[in-house]
Trainee: 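Before anything else, here's the structure in question.
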Amino acid sequence: MTDKYAVIGNPVAHSKSPAIHAAFARQTGEDISYAAILAPRDGFRPVALAFRDEGGRGLNVTLPFKVEAFELATDLAVRALEAKAVNTLKFDGAAIFGDNTDGVGLVRDIQDNLGCAIGGKRVLLMGAGGASRGVMEPLLRERPAALVVANRTPGKAVALVGQFTKLAGLSPLRVAAQPYDALGGAQFDLVINATSAGLANEMPPLPHDVFAPGALAYDMVYGTDTPFLRFARAQGAATADGLGMLVEQAAESFYVWRGVRPQTRPVIERLRMQESGAGIPGGDA
Ligand code: ATR
């Protein structure tokens, strides 16, 4: 019997996840269906549980429901506990397993697809919301030389860094919070935009000299050339949007559900060819 999966969000019509998972299913021969479910903003829980009760095996969860999915889960992966958010639910009888594949998706795209090793690098992460929290631990796990979190509201970056300094047991020298206007002079090999600024055609107030020679600028938004990516290109940095992260997080969810790891490269290449200016966060299935 075909196993049912879906992505649940609001809005969800833009989602590329059904096409991605259909491609994974064809590639691996797994017998699954994958739909998109629009839940009312105040109605995540009943819609998710109704899907489960009708035989659904798992859900990808996108904005604005990742924290509610975290609360719905009866068992949590460590990476979901640390992110305090869930983008993957797996139903098994009465148990609801919650996982978060966004961070590993980002790290795999940067390292495996874009060929930029994170270990030993100076990394600047912009933003201190849910998108940043979801990628902190997977980035730290790669042992960058430094991970600096900058945010428009500096107190949120301080709180985020405090949470992960404790959790990862790392020296505070390796991970720090800094306001944008205190970055002057510091250079980074990898600059990641985890803010939602690009969706409003804006960018964080980043100094010009922040990119080290050969730096990679990564925007977790996909489908649009954000002001941050244009700025980075003008400074001579290599650039990437979040499409690869989207496909990698999907592949990890597929693995969580099916125990089979699909190949991501052909799927990324096909989506690139079809790209249509959506402007969606890459961790946002
Ligand atoms: P998400 O869960 O996607 O991270 P969020 O929790 O609303 O969404 O966080 C959005 C992030 O983008 C925040 O870090 C926000 O900065 P503030 O904490 O100061 O609000 C950041 N952000 C949004 N628009 C921005 C802009 N124009 N310039 C700089 N940062 C911006």
Side-chain angles (χ1 to χ4, degrees), residues 7-12 14-17 41 44 60-71 79-88 98-107 109 123-139 147-164 175-184 188 191-208 210 217-232 241-243 245-246 249 278-285:
V7 56
I8 181 167
N10 186 332
V12 79
H14 65 268
S15 178
K16 292 185 190 292
S17 292
R41 289 196 166 247
F44 166 76
N60 275 136
V61 181
T62 186
L63 296 179
F65 300 131
K66 291 184 186 182
V67 175
E68 284 174 77
F70 175 79
E71 286 159 1
R79 58 194 180 187
L81 259 175
E82 291 181 354
K84 294 198 175 81
V86 156
N87 79 335
T88 306
D99 202 343
N100 192 316
T101 65
D102 287 334
V104 77
L106 173 74
V107 167
D109 192 37
V123 180
L124 174 62
L125 179 65
M126 299 190 290
S132 287
R133 200 171 57 233
V135 301
M136 283 288 290
E137 193 270 344
L139 285 172
L147 175 60
V148 173
V149 181
N151 196 46
R152 186 175 58 182
T153 312
K156 279 168 69 178
V158 171
L160 183 69
V161 161
Q163 179 193 336
F164 283 91
V175 45
Q178 257 173 344
Y180 290 108
D181 59 9
L183 289 173
F188 296 90
V191 181
I192 301 168
N193 187 10
T195 76
S196 48
L199 298 173
N201 205 29
E202 293 173 357
M203 70 168 275
L206 204 54
H208 281 83
V210 81
Y218 192 101
D219 203 316
M220 284 166 58
V221 166
Y222 70 82
T224 183
D225 195 29
T226 60
F228 164 65
L229 291 181
R230 293 199 294 272
F231 174 83
D241 74 357
L243 186 73
M245 173 181 177
L246 174 77
Q249 63 80 28
I280 308 293
D284 182 13

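Treat the numbers as computed from the prediction; the structure is a model and nothing was measured. Atoms within each ligand, like the ligands themselves, are counted from 1 in listed order.
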Trainee: To which of G127, S196, A194 does the heavy atom nearest atom 12 (O) of ligand 1 belong?
Mentor: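 When every heavy atom of G127, S196, A194 is considered, S196 comes closest to atom 12 (O) of ligand 1.
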Trainee: My understanding is that we take every heavy atom of each candidate and find the minimum distance to atom 30 (N) of ligand 1. Doing that for V149, L160, T195, which one comes out nearest?
Mentor: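 The nearest heavy atom belongs to T195.
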Trainee: Just how far is it from atom CG of L147 to atom CZ of F188, taken to the nearest 0.5 Å?
Mentor: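 It is 9.0 Å, given to the nearest 0.5 Å.
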Trainee: State the NZ-OG1 distance between K66 and T88, to the nearest 0.5 angstrom.
Mentor: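 Between K66 NZ and T88 OG1, I get 9.0 Å after rounding to 0.5 Å.
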Trainee: Below 3.5 Å, N or O to N or O, backbone or side chain included: is there any such pair between A128 and ligand 1?
Mentor: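 It does: an N or O of A128 is found under 3.5 Å from an N or O of ligand 1.
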Trainee: Just going by heavy-atom distances, which of V135, N151, N193 is nearest to atom 14 (O) of ligand 1?
Mentor: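 Nearest option to atom 14 (O) of ligand 1, by heavy atoms: N151.
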Trainee: Is R152 touching ligand 1 with its side chain, its backbone, both, or neither, if touching means heavy atoms under 4.0 Å apart?
Mentor: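 For R152, the contact with ligand 1 is made by both the backbone and the side chain.
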Trainee: Is a side-chain N or O of R133 found less than 3.5 angstrom from the main chain of L160, in a donor-acceptor match?
Mentor: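 No; zero donor-acceptor contacts below 3.5 Å.
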Trainee: Do S132 and ligand 1 have an N or O pair less than 3.5 Å apart?
Mentor: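 By distance alone, the answer is no.
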Trainee: So P64 and N10, do their side chains get closer than 4.5 Å, heavy atoms only?
Mentor: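 A side-chain contact under 4.5 Å exists here.
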Trainee: Answer yes or no: is there a donor N or O on one side and an acceptor on the other, between the side chain of N151 and the main chain of A157, under 3.5 Å?
Mentor: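 Not at all, since once roles are kept as given, no pair shorter than 3.5 Å links the two residues.
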Trainee: For ligand 1, which atoms, with element, lie under 4.0 Å from some heavy atom of G130?
Mentor: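 Within the 4.0 Å cut-off of G130, ligand 1 contributes 1 (P), 2 (O), 4 (O), 6 (O).
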Trainee: Identify the residue among D102, N60, D99 that makes a side-chain hydrogen bond (donor to acceptor under 3.5 Å, both in side chains) with N87.
Mentor: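 In the set D102, N60, D99, the residue that makes a side-chain hydrogen bond (donor to acceptor under 3.5 Å, both in side chains) with N87 is D102.
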